[in-house]
Amino acid sequence: MATVQILNTLSRELESLEPREGQGKTLSLYTCGPTVYAYAHIGNFRAYVFEDLLQRHLQERGFTVRRVMNLTDVDDKTIRGAHDAGVALADYTRPFKEAFFQDLKTLRLLTAEAYPAATDPEQIALMIAMIGTLMERGHAYQAEDGSIYFRIASFPGYGKLGRVDLANQRSSQRVASDEYDKEAVADFALWKAWVPEDGAVGWESPWGKGRPGWHIECSAMATGLLGETIDIHCGGVDNIFPHHEAEIAQCECVGAKPFVRYWMHCAHLMVEGSKMAKSAGNFFTLRDLLDKGWTGREIRYALISVHYRGALNFTMDGLAAARAALGRLDAWWERLTETAGSEMEEETPDLTTEGFFAALDDDLNISSALAVLFETLRESNRKMDQTDEGTLTPAQARGLLNWLARVDGVLALEPEATATIPPEVEELATARAAARAAKEWKKSDEIRDQIAALGWIVKDTKDGQKITKS
RNA sequence: GGCGGGGUAGCCAAGUGGUAAGGCCGGGCUCUGCAAAAGCCCCAUGCGACGGUUCGAUUCCGUCCCCCGCCUCCA
């Protein structure tokens with residue numbers, strides 16, 4: 001059995017993914033979710049698609065994956081958004097949460113075991129309890145503004161994930177302005193005391209009314225739902241520091257040792273060669289792309305086909321390339337299905353197909369995996385082109401289809417269910433077939449135009465007409 | 001300034017101390033009444049630059065150039 005190797009951000013080394021003692025083949029996976037103050041953008045989805053690929057491949061390798069993803073539904077941006085819209089916080093975030101779940105479906109992302117939200121009462125209670133423990137142990141303190149801060153000086157391990165030496169940091173201007181109450185500039189908020197701008201948003205706590213800090217949210221949810229030690233924790237590289245660093249500090253000071261065994265981070269994406277930014281006009285939500293006519297699976301392909309640790313340059317050309325590649329895959333799939341016919345016995349063709357999974361074992365080397373897929377496509381097509389003894393047998397085609405089903409368990413790129421052809425189009429097609437049989441080409445072409453006018457495309461193949469939606 | 005990722009054909013992108021996967025585009029051919037689709041074939045003397053080690057380097061070492069990210073709440 002091959003082992004799955006991944007690059008652990010903590011060690012910066014390739015490590016074999018092994019479950020904990022006594023956990024059988026179960027791995028827990030915590031993934032940082034969206035802040036629901038707006039529609040998630042294509043950069044966010046790059047991370048989610050990477051995590052989905054990871055989960056699916058682990059499952060293919062026989063692991064049971066317990067995954068949790070959080071929803072941040074209270075922070076400065078959501079509060080400001082609700083205030084500007086003149087609605088309650090929950091009413092402001094609800095549509096974005098719903099949209100998020102729709103988007104997950106569009107991109108064919110597996111559903112997590114739980115999607116805890118920061119404002120869930122039980123999560124707030126967990127966070128308060130955790131902060132209480134940190135206070136008792138001297139890892140946190142209340143500042144003059146009433147907020148609770150984590151005392152970084154009390155945790156020597158701080159900086160180990162991001163390899164950050166706090167003594168050697170350039171002081172940035174945005175730190176200096178409002179953080180006047182803290183013992184040290186790097187100390188981060190665990191509990192933010194209520195201020196008038198918070199309006200109706202706030203929860204009672206032993207330290208007064210307020211709301212949780214961002215970092216404590218993930219710490220509480222992760223350990224609360226998955227246990228003190230999490231196997232894998234993922235996110236974007238920008239979360240390494242300070243977010244994940246803070247999570248480690250909080251959890252390990254409360255008792256989890258270690259908090260996370262394997263950290264994995266994906267690189268950012270760029271759009272048309274530059275950093276995605278609203279001001280640059282290259283900022284896309286998933287919806288924006290759907291409106292431009294791209295499909296979820298095309299976007300999924302474009303996002304999944306570049307190794308997660310490399311910067312991904314997301315472009316319209318890239319989407320077009322995804323569309324073309326998928327079209328080729330679809331045609332092949334269909335051809336294999338026809339060749340296999342009703343044959344159910346499978347025969348393993350003489351092609352090195354297992355390399356697909358072996359490539360993914362190597363830190364999710366998707367490029368090599370896709371290379372195996374396309375090489376298999378070409379070689380089997382070559383066989384199907386041959387009419388004599390070199391041809392692909394139905395049993396071999398069945399074998400390839402079974403392999404393809406496993407491959408697609410990981411890639412999730414199967415064609416959309418074909419739309420049913422309306423009766424009037426069906427009738428026209430029959431008439432056209434008759435005209436073609438009679439070699440009445442002009443009539444045949446006219447009917448083709450009529451069918452096109454109804455939104456369908458006719459293609460003549462050696463096996464007769466094929467009708468697809470335009 | 002510190003830390004990290006990266007520079008491979010028109011575009012995207014693997015990879016290896018021994019002579020460059022794969023995808024898209026492009027070209028050719030096959031199929032075909034036409035069209036479209038599809039299939040097959042072809043497409044990097046070279047892997048940011050310059051040195052060095054080596055029988056041999058894109059791959060190792062050194063120097064340099066460029067791009068991107070993080071440095072306190074952005075995937």
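Order of the sequence lines fixes the chain letters, A, B, ..., with proteins taken first and strands second; residue numbering starts at 1 for each chain.
Interface remark: the R448(A) side chain does form a donor-acceptor pair with the A35(B) base, using a distance-only criterion of under 3.5 Å. Counting distance only, with no hydrogens placed and no angle test, the side-chain atoms of K77(A) and the base atoms of C74(B) include no donor-acceptor pair under 3.5 Å.
Between R46(A) atom CZ and G5(B) atom C1' there is a gap of 11 Å when expressed in whole angstrom units. The distance between atom CG of L392(A) and atom C1' of G39(B), rounded to the nearest whole Å, is 14 Å. For the pair H265(A) NE2 and C3(B) P, the computed distance is 19 Å after rounding to whole Å. Going from atom CZ of F188(A) over to atom P of C70(B) covers 20 Å, rounded to whole Å. One interatomic measurement links the two molecules: CG of D76(A) to P of C73(B), which rounds to 10 Å at whole-angstrom precision. Remark: P of C74(B) and NE2 of H244(A) are 12 Å apart, rounded to the nearest angstrom. Atom pair L411(A):CG and G22(B):P shows a separation of 18 Å (rounding to whole Å applied). Counting to the nearest Å, the P atom of C73(B) and the NE2 atom of H215(A) are 8 Å from each other.
Contact check on E217(A) versus R211(A) returns no salt bridge, with no Lys/Arg side-chain nitrogen under 4.0 Å from an Asp/Glu carboxylate oxygen. Taking a cutoff of 4.0 Å between a charged side-chain nitrogen and a carboxylate oxygen, D145(A) and K192(A) do not qualify as a salt bridge. A salt bridge does not link K209(A) with D198(A): every distance from a Lys NZ or Arg NE/NH1/NH2 to an Asp or Glu carboxylate oxygen is 4.0 Å or more. For D363(A) and R309(A), the salt-bridge test passes: some basic side-chain N is under 4.0 Å from an acidic carboxylate O. For R448(A) and D445(A), the salt-bridge test passes: some basic side-chain N is under 4.0 Å from an acidic carboxylate O.
When each of U72(B), G22(B), G39(B) is scored by its nearest atom to the side-chain atoms of E375(A), the top-ranked nucleotide is G22(B). For L269(A), whose side chain is taken as the heavy atoms from C-beta onward, the closest listed nucleotide among A38(B), C3(B), A75(B) is A75(B). You'll find that the side chain of N381(A) is closest to G39(B), out of C73(B), G39(B), A75(B). Taking only side-chain atoms of A47(A), from C-beta outward, the nucleotide of G23(B), U72(B), A75(B) with the closest atom is A75(B). Residue K459(A) has its side chain nearest to A36(B) when only A75(B), C70(B), A36(B) are considered. Checked against A75(B), G22(B), G23(B), the side chain of Y301(A) finds its nearest nucleotide in G23(B). Side-chain proximity of P242(A) to the nucleotides A38(B), C34(B), U72(B) is greatest for U72(B).
Here A321(A) lies in heavy-atom contact (under 4.0 Å) with sugar-phosphate atoms only. Residue H268(A) is in base contact, counting any heavy-atom pair closer than 4.0 Å across all strands shown. In this structure, G43(A) reaches the bases: a heavy-atom distance under 4.0 Å links it to at least one base atom across the strands shown. In this structure, K439(A) reaches neither bases nor backbone, as no heavy-atom distance under 4.0 Å exists between it and the strands shown. Residue contacts for V372(A): at a heavy-atom cut-off of 4.0 Å it reaches no nucleic acid atom on any strand shown. Nucleic acid contact class of R432(A) (heavy atoms, under 4.0 Å, all strands): base.
Nucleotide A38(B): paired with U30(B) (Watson-Crick or G-U wobble, both distances less than 3.5 Å). Across the strands present, G46(B) finds no partner; the criterion is a Watson-Crick or G-U wobble pair with both atom distances under 3.5 angstrom. Under the Watson-Crick or G-U wobble criterion, with both distances below 3.5 Å, C73(B) has no partner in any strand shown.
Aromatic rings of Y149(A) and F188(A) (six-membered ring for Trp) have centroids beyond the 6.0 Å cut-off, not under it.
C11(B) sits 28 Å from C64(B) when the C1' atoms are compared, rounded to a whole Å. With C1' as the reference atom, A14(B) and G22(B) are 7 Å apart, rounded to whole Å. For the C1' atoms, the distance from U59(B) to A21(B) is 15 Å, rounded to whole Å. One P atom belongs to A44(B), the other to G10(B), and the distance between them is 11 Å to the nearest Å. A9(B) and G27(B) have their C1' atoms separated by 15 Å, given to the nearest Å.
Residues N239(A) and H265(A) have side chains that never bring a donor and an acceptor to within less than 3.5 angstrom of each other.
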Take F314(A) and M276(A) through the test side chain to side chain contact (heavy atoms under 4.5 Å, CB included) and record every step on the way to the result. CA-CA 9 Å; F314(A) 190 84; M276(A) 182 169 66; over 6 Å; no
For side chain to side chain contact (heavy atoms under 4.5 Å, CB included), just list the numbers for L373(A) and L329(A), CA-CA rounded to whole Å, side-chain angles, deciding distance to a tenth of an Å, and then say yes or no. CA-CA 9 Å; L373(A) 178 61; L329(A) 240 23; 4.1 Å; yes
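For C34(B), neither phosphate oxygen OP1 nor OP2 lies less than 4.0 angstrom from any side-chain nitrogen or oxygen of R436(A). Within the 4.0 Å cut-off from OP1 or OP2 of G23(B), at least one side-chain nitrogen or oxygen of R328(A) is found.
A distance cut-off of 5.5 Å between ring centres, combined with a plane angle under 30°, places W441(A) in a stacking arrangement with the base of G33(B).
Residues L370(A) and R12(A) both approach RNA chain B. Their nearest nucleotides, taken by heavy-atom distance, put R12(A) toward the 5′ side. The residue among K442(A) and A324(A) whose nearest nucleotide of RNA chain B lies closer to the 5′ end is A324(A).
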Might you list the N or O atoms of the protein lying below 3.5 Å from N or O atoms in nucleotides 8-15 of chain B, with each pair's distance?
from	atom 1	to	atom 2	distance (Å)
A13(B)	O2'	S367(A)	OG	3.0
A14(B)	O5'	S367(A)	OG	3.4
A14(B)	O3'	N365(A)	ND2	3.1
A14(B)	O2'	S368(A)	OG	2.5
G15(B)	OP1	N365(A)	ND2	3.0

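In terms of the side-chain contact (heavy atoms from CB on, under 4.5 Å) criterion, residue partners of H139(A) (sequence neighbours excluded) are, by chain and number, L134(A), R137(A), F150(A), S154(A), C253(A).
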